[in-house]
A.B. asks: 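Take this structure first; my questions come after.
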Amino acid sequence: MRLNLCEIIEMPGSSLPFSCELDTERLVCPAIKSFVSSPFAEGIIRNGAGVLTLTGTIKADMVCICDRCSVEFHCDKVIPLEVRLAADISDEDDPEIFPLDGNWLDLSDVLETCFILNTEAKFLCREDCAGLCPRCGKNLSDGPCGCQKEIDPRLAVLGQLLDKQTN
Ligand SMILES: [Zn+2]
Ligand SMILES: [Zn+2]
């Protein structure tokens, strides 16, 4: 979706609201298994003293895969948007600033970029997910597994001696 900003670009104090769905085909992230519904963005572009700022949120309802225990979980994510827009190409190197194409803004590109930057962090089913036992694979968030702790090799030798004595 492209927005024509000509109405606000020359008018400090003016603003333009927007709302749009994101194309899930373009939001590929290994931790996201599926989208329950298309992520939806809404917000406003303001011209504050000649500086264009886009603010708003992306709401995404997803099924994700926990990075630690691999359990699938439901994730309702709200991604805040705060992006500066500039027609001046010399600012292009600044990742915080999205360039305009004349009076046009590629809104989909801005929203997809913000979404992907926000989903690079690890997805956990819960903050304190304990992960899986490296030996038996049990999900330790459900409680401890039956695996014995690593036995001190010296105690293991003692155990063998005791075994011999009892035989
Ligand atoms: Zn987990
Ligand atoms: Zn275990």
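No experiment lies behind these values; they were computed from the predicted model shown. We count ligands from 1, going down the list as the structure has it; atoms in each ligand are counted the same way.
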A.B. asks: Is it the case that the side chain of Arg68 and the backbone of Cys129 share a donor-acceptor pair, with hydrogens and angles ignored and the cut-off at 3.5 Å?
C.D. replies: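 Side chain of Arg68 to backbone of Cys129: a pair is present.
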A.B. asks: Please report the closest heavy-atom contact between Cys29 and Thr119, naming both atoms and the distance.
C.D. replies: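 What the structure gives for the nearest pair is SG-O, 3.8 Å.
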A.B. asks: Over all heavy atoms of both residues, which pair between Leu107 and Cys20 is shortest? Give the atoms and the distance, please.
C.D. replies: CD2-SG, 4.0 Å
A.B. asks: Can you tell me, to 10 degrees, how wide the angle at the Zn ion (ligand 1) is between SG on Cys129 and SG on Cys69?
C.D. replies: 110°
A.B. asks: For the metal site, I want the angle between atom SG of Cys145 and atom SG of Cys136 with the Zn ion (ligand 2) at the apex, to 10°.
C.D. replies: 110°
A.B. asks: If you have a sec, read the angle at the Zn ion (ligand 1) from Cys125 atom SG over to Cys66 atom SG, to 10 degrees.
C.D. replies: 110°
A.B. asks: Quick check: does any side chain N or O of Lys138 sit under 3.5 Å from a backbone N or O of Gly143, one acting as donor and the other as acceptor?
C.D. replies: yes
